[in-house]
Peer 1: 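Take a look at the following structure, please.
In what follows, residues are counted from 1 in the order of the sequence shown.
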Amino acid sequence: MLVPMPSAPPSLTLAEAVDRASALAASGERRLLGLVGPPGAGKSTLSAVLAERVGDRMVVAGMDGFHLANAELIRLGRRDRKGAPDTFDVDGYVTLLRRLREQQHPLYAPRFDRDLEESIGSAVLIEPHIPLVVTEGNYLLFDEHGWDAVRPELDEVWYLQVDDVERRRRLVHRRLGHGDTPEHAEQWVHTVDEANALRVAAARARADRIVEMP
């Protein structure tokens, strides 16, 4: 007997994604929307587009703010794997998501600074009246190293899909823009980033929507 393959999540265009986010913000209740995708898929880009269109009814609190500090990664022997699933404060991230569910007063979230390659604590203000909180990151659908506690806290998760060649080109360009050398940028993208990308792509079928990114 043949076992039916699981159906693929429905797809959204960029315009449809904006409409869907606007509808979530207009629901009158606190909603948590997750944007997931491999490195370079456009998570920060889509977050910025949604913020522009939805306006002051939403705020972005990214997963990357929970990167472990470089000094701690060195202590753990993981500095050369920064961005891997076990290089984040997952418990801290899950705690923030749960607090956002119960929020009755202003909360602060950390923000990752790509120039510093470090997180800045209490950098993002989240007021209790804001109906939509968007959180973006690689591992929202991951099920190891404690990440399985993330998905139950989110109302919807969208997987961002983009051409892999273009995605890798963006990653190299991003690292060059932050002062990396061409040789090291290429090496990092094709080893660290691509290993993480395979982990992220494996969970694609668990998303609620697929957003086709340009």
Peer 1: Does Glu16 have any salt bridge (Lys or Arg N to Asp or Glu O under 4.0 Å) partners at least two apart in sequence or in another chain, and if so, which?
Peer 2: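 Not a single residue meets the salt bridge (Lys or Arg N to Asp or Glu O under 4.0 Å) criterion with Glu16.
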Peer 1: Let me confirm one number: the CZ-NE2 distance from Arg57 to His129, rounded to the nearest 0.5 Å.
Peer 2: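 Output value for this atom pair is 12.0 Å.
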Peer 1: List for me each residue that meets side chain to side chain contact (heavy atoms under 4.5 Å, CB included) alongside Ser122, sequence neighbours excluded, and say none if there are none.
Peer 2: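 Applying side chain to side chain contact (heavy atoms under 4.5 Å, CB included) to Ser122 gives Tyr108.
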Peer 1: Let me confirm one number: the CG-CD distance from Leu97 to Glu102, rounded to the nearest 0.5 Å.
Peer 2: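 Between Leu97 CG and Glu102 CD, I get 11.5 Å after rounding to 0.5 Å.
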Peer 1: Should Met213 and Gln161 count as side-chain neighbours, where that means a heavy-atom distance under 4.5 Å?
Peer 2: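 No; the side chains remain at least 4.5 Å from each other.
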Peer 1: I'd like to know if Arg81 and Asp86 make a salt bridge, using a cut-off of under 4.0 Å between side-chain N and carboxylate O.
Peer 2: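 Yes, charged N to carboxylate O under 4.0 Å.
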Peer 1: Are Ile130 and Leu35 grouped together when hydrophobic residues (ILVMFWY) are joined by side-chain heavy atoms under 4.5 angstrom apart?
Peer 2: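 No, Ile130 does not connect to Leu35 through the hydrophobic network.
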Peer 1: Could you tell me if Ser44 and Glu136 have a donor-acceptor pair between their side chains, going purely by distance under 3.5 Å?
Peer 2: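 Ser44 and Glu136 do have a side-chain donor-acceptor pair below 3.5 Å.
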Peer 1: Report yes if some heavy atom in the side chain of Leu32 is under 4.5 Å from a heavy atom in the side chain of Thr135; otherwise report no.
Peer 2: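 Not in contact.
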Peer 1: Going by atom types alone, do Arg99 and Thr95 pair a side-chain donor with an acceptor below 3.5 Å?
Peer 2: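 Per modelled atom types, Arg99 and Thr95 side chains form no pair under 3.5 Å.
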Peer 1: Look at the side chain of Ser119 and the backbone N and O of Gly65, then say whether any donor-acceptor pair between them is shorter than 3.5 Å.
Peer 2: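 Here the side-chain-to-backbone pair exists.
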Peer 1: Do Val49 and Glu52 come close enough that some side-chain heavy atom pair is under 4.5 Å?
Peer 2: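 No - every pair of side-chain heavy atoms lies 4.5 Å or more apart.
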Peer 1: Closest approach of Lys43 and Gly137, non-hydrogen atoms and distance?
Peer 2: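 Shortest heavy-atom contact: CD-O, 3.5 Å.
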Peer 1: As an exercise, state the distance from CG of Leu12 to CZ of Arg209, rounded to the nearest 0.5 Å.
Peer 2: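 Going from CG on Leu12 over to CZ on Arg209, the span is 6.0 Å.
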Peer 1: For the residue pair Arg101 and Leu154, what are the closest heavy atoms and their distance?
Peer 2: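 Arg101 and Leu154 have their closest heavy atoms at NH2-C, 3.8 Å.
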Peer 1: Are any of the side-chain heavy atoms of Arg206 and Asp143 separated by less than 4.5 Å?
Peer 2: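 The answer is yes, as the side chains (C-beta and beyond) meet within the 4.5 Å cut-off.
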Peer 1: Apply side chain to side chain donor-acceptor pair (under 3.5 Å) to residues Asn70 and Glu118 and explain how you reach the verdict.
Peer 2: CA-CA 7 Å; Asn70 289 334; Glu118 292 278 15; 3.2 Å; yes
Peer 1: Quick one: which of Tyr93, Tyr139, Phe112 gives a ring-ring contact (aromatic ring centres under 6.0 Å, His included) with Phe66?
Peer 2: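 So the option named by the test is Tyr93.
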Peer 1: Does a side-chain heavy-atom distance below 4.5 Å link Met58 with Val133?
Peer 2: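 They are not in contact (no side-chain heavy atoms under 4.5 Å apart), so the answer is no.
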Peer 1: Are any non-hydrogen side-chain atoms of Ser27 and Pro131 less than 4.5 angstrom apart?
Peer 2: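 The answer is no; the side chains never approach within 4.5 Å.
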Peer 1: Looking at Arg151 and Asp208, is any side-chain nitrogen of the basic one under 4.0 Å from a carboxylate oxygen of the acidic one?
Peer 2: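 Yes, Asp208 and Arg151 are salt-bridged.
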Peer 1: Count I, L, V, M, F, W, Y as connected when their side-chain heavy atoms are under 4.5 Å apart, and connections chain through other members. Are Met63 and Leu107 then in the same cluster?
Peer 2: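 The answer is yes; both residues are in one hydrophobic cluster.
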Peer 1: Taking the inter-plane angle between the rings of Trp188 and His184 on a 0 to 90° scale, is it parallel (under 30°), tilted (30 to 60°) or perpendicular (over 60°)?
Peer 2: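 Ring orientation, 0 to 90° scale: tilted.
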Peer 1: Could you report the tightest heavy-atom contact between His105 and Pro128, atom names first, then the distance?
Peer 2: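 Looking at all heavy atoms of both residues, the shortest contact is C-CD, 3.9 Å.
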Peer 1: Taking side-chain contact (heavy atoms from CB on, under 4.5 Å) as the criterion, tell me which of Val36, Leu33, Val134 meets it with Trp158.
Peer 2: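 Only one option passes, and that is Leu33.
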Peer 1: Measuring from Asp113:CG to Ile120:CD1, what's the distance to the nearest 0.5 Å?
Peer 2: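 It comes to 4.5 Å.
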Peer 1: Is any side-chain heavy atom of Leu125 less than 4.5 Å from a side-chain heavy atom of Pro106?
Peer 2: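 Sidechains of Pro106 and Leu125: in contact.
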Peer 1: Over all heavy atoms of both residues, which pair between His145 and Pro85 is shortest? Give the atoms and the distance, please.
Peer 2: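 Shortest heavy-atom separation between His145 and Pro85 comes out as CD2-CB, 3.8 Å.
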Peer 1: With sequence neighbours excluded, give me every salt bridge (Lys or Arg N to Asp or Glu O under 4.0 Å) pair touching residues 188-197.
Peer 2: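 Checked against salt bridge (Lys or Arg N to Asp or Glu O under 4.0 Å) - neighbours excluded - the pairs reaching residues 188-197 are Arg167-Glu194, Arg168-Glu194.
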Peer 1: Please round to the nearest 0.5 Å and tell me the distance separating atom CG of Leu24 and atom CD of Glu29.
Peer 2: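 Output value for this atom pair is 11.0 Å.
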Peer 1: Would you check if Val162 and Arg170 make a side-chain contact, meaning some heavy-atom pair closer than 4.5 Å?
Peer 2: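 With C-beta onward as the side chain, the pair touches.
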Peer 1: Looking at Arg114 and Asp64, does any basic side-chain N land under 4.0 Å from a carboxylate oxygen?
Peer 2: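 Yes, this pair counts.
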Peer 1: Relative to the ring of Phe88, is the ring of Trp147 parallel (under 30°), tilted (30 to 60°) or perpendicular (over 60°)?
Peer 2: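 It falls in the perpendicular class, over 60°.
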Peer 1: Please indicate whether Asp56 has more than 12 foreign heavy atoms, meaning atoms of other residues, nucleotides or ligands, lying under 6.0 Å from its CG.
Peer 2: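 Open: at most 12 neighbouring heavy atoms sit under 6.0 Å from CG of Asp56.
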Peer 1: Do Val54 and Ile126 belong together in a cluster built from hydrophobic side chains that touch within less than 4.5 Å?
Peer 2: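 As far as the 4.5 Å side-chain criterion goes, Ile126 and Val54 are not connected within one cluster.
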